[in-house]
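Below is one structure, written out as structure tokens; comments come after it.
Note that these values count all heavy atoms, side chains included, but never hydrogens, waters or copies made by symmetry.
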Amino acid sequence: MNLNLSNSGGNGNYIRFSPQANAWSNQDGEFILDKFVFDHENLETGWLLIATGIFEFFPDGSLGQKGSQPSAEHKRGFKAIFYNKTMGVVEYSANGAGANMGLEALWKQVQAQASANAGKLPVVEYKGSRPEKVGKGSTRVPEFNVTGWVARPAALSDDNTGGFDPEISAPVPVKPAPSPIKAKPAPRPLDDDEMFI
């Protein structure tokens, strides 16, 4: 049992994009981000401070409506919820220039298609990242592409969204006992929709 007394990383599964490493990581280390469902209906923007041992998020009253900046260290950022069967329900939050630019570009795609897909959530593919000059420095911008829309998965129901229940994570596959009669055919790969059911 975890008391969740630390405010350093949210309250469960999370993912981060590191421009320096050009890689995604979660609480278990680096991983490859596969297609995922983006819960755009629960996206939050606000003022975010991320530092060693510190994670403070002050959400906007409504999406994109800036409130007053809590301190000079707080930067504009976001909290988004992604899901697929492999990683479970995760929180993607950031306040870096590259991550913000990447999410804004994804948001524009989603908004352009949302009215034609009422009641559904977008399926998103990570396409890699591109270098971008920011002021006197540089960063990397994660690039996303909306590939389709699906009904809201059960894992993203109201009971689970934001709770990041560790029980939602993908089940460990069980190796079937060998059958003396007939070998089972190899399982077929999941198609896109099945990744999110």
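Closest approach of N100 to A94, counting heavy atoms only: OD1-O, 3.8 Å. The two residues G102 and F144 make their nearest non-hydrogen contact at O-CD1, 3.9 Å. Shortest non-hydrogen contact noted between P142 and G98 is CD-O, 3.5 Å. Pairing each heavy atom of Y83 with each of A155, the nearest pair is CE1-CB, 3.5 Å. The two residues M87 and I15 have their closest heavy-atom pair at SD-CG2, 4.5 Å.
Under the 3.5 Å distance criterion, with hydrogens and angles disregarded, no donor-acceptor pair is assigned to the side chains of W24 and E30. With 3.5 Å as the limit, one finds no donor-acceptor pair spanning the side chains of N13 and E91.
Qualifying side-chain hydrogen bond (donor to acceptor under 3.5 Å, both in side chains) partners for E125, counting only residues two or more places apart in sequence or in other chains: none. S71 is linked by a side-chain hydrogen bond (donor to acceptor under 3.5 Å, both in side chains) to E73, H74, counting only residues two or more places apart in sequence or in another chain. With sequence neighbours excluded, no residue forms a ring pair (Phe, Tyr, Trp, His ring centres under 6.0 Å) with F57. Under the side chain to side chain contact (heavy atoms under 4.5 Å, CB included) criterion, N145 pairs with Q109, K127, T147, not counting sequence neighbours. The side-chain hydrogen bond (donor to acceptor under 3.5 Å, both in side chains) test applied to D60 returns T45, R76, not counting sequence neighbours. By the side chain to side chain contact (heavy atoms under 4.5 Å, CB included) test, A21 pairs with S18, A23, sequence neighbours left out. Remark: P19 engages F17, T139, R140 in a side chain to side chain contact (heavy atoms under 4.5 Å, CB included) (not counting sequence neighbours). Every residue two or more places apart in sequence or in another chain that forms a salt bridge (charged side-chain N to carboxylate O under 4.0 Å, His left out) with R130 is listed here: E132, E143. When the ring pair (Phe, Tyr, Trp, His ring centres under 6.0 Å) test is applied to W107, no partner is found at least two apart in sequence or on another chain. Applying the salt bridge (charged side-chain N to carboxylate O under 4.0 Å, His left out) test to E104 and every residue at least two apart in sequence or in another chain returns nothing.
The NZ atom of K79 sits 13.0 Å away from atom CG of N95, with the distance rounded to the nearest 0.5 Å. Atom CG of residue L103 and atom OG of residue S93 lie 11.0 Å apart, to the nearest 0.5 angstrom. Rounding to the nearest 0.5 Å places CD of Q113 at 10.5 Å from NE2 of H40.
Just one residue in the list V90, V89, V124 forms a side chain to side chain contact (heavy atoms under 4.5 Å, CB included) with F82, and that residue is V90. For the pairing with Y92, the ring-ring contact (aromatic ring centres under 6.0 Å, His included) check across F78, F38, Y126, Y14 returns one residue only, F78.
Under the 4.5 Å side-chain contact rule for hydrophobic residues, L49 and F58 do not share a cluster.
No donor-acceptor pair under 3.5 Å is formed between the side chain of N117 and the backbone N or O of K120. In this structure, W47 contributes its side chain and G67 its backbone to a donor-acceptor pair below 3.5 Å. Counting only distance, with no hydrogens or angles, the side chain of D39 and the backbone of I81 share no donor-acceptor pair below 3.5 Å.
Taking the side chain as every heavy atom from C-beta outward, E56 and L48 never approach each other to under 4.5 Å. Looking only at side-chain heavy atoms (C-beta outward), V37 and V150 come within less than 4.5 Å of each other.
Its side chain within the 4.5 Å cluster rule, V141 clusters with M101 among the Ile, Leu, Val, Met, Phe, Trp and Tyr residues.
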- Task: Test V123 against V146 for side chain to side chain contact (heavy atoms under 4.5 Å, CB included), laying out the working first.
- Result: CA-CA 6 Å; V123 175; V146 174; over 6 Å; no
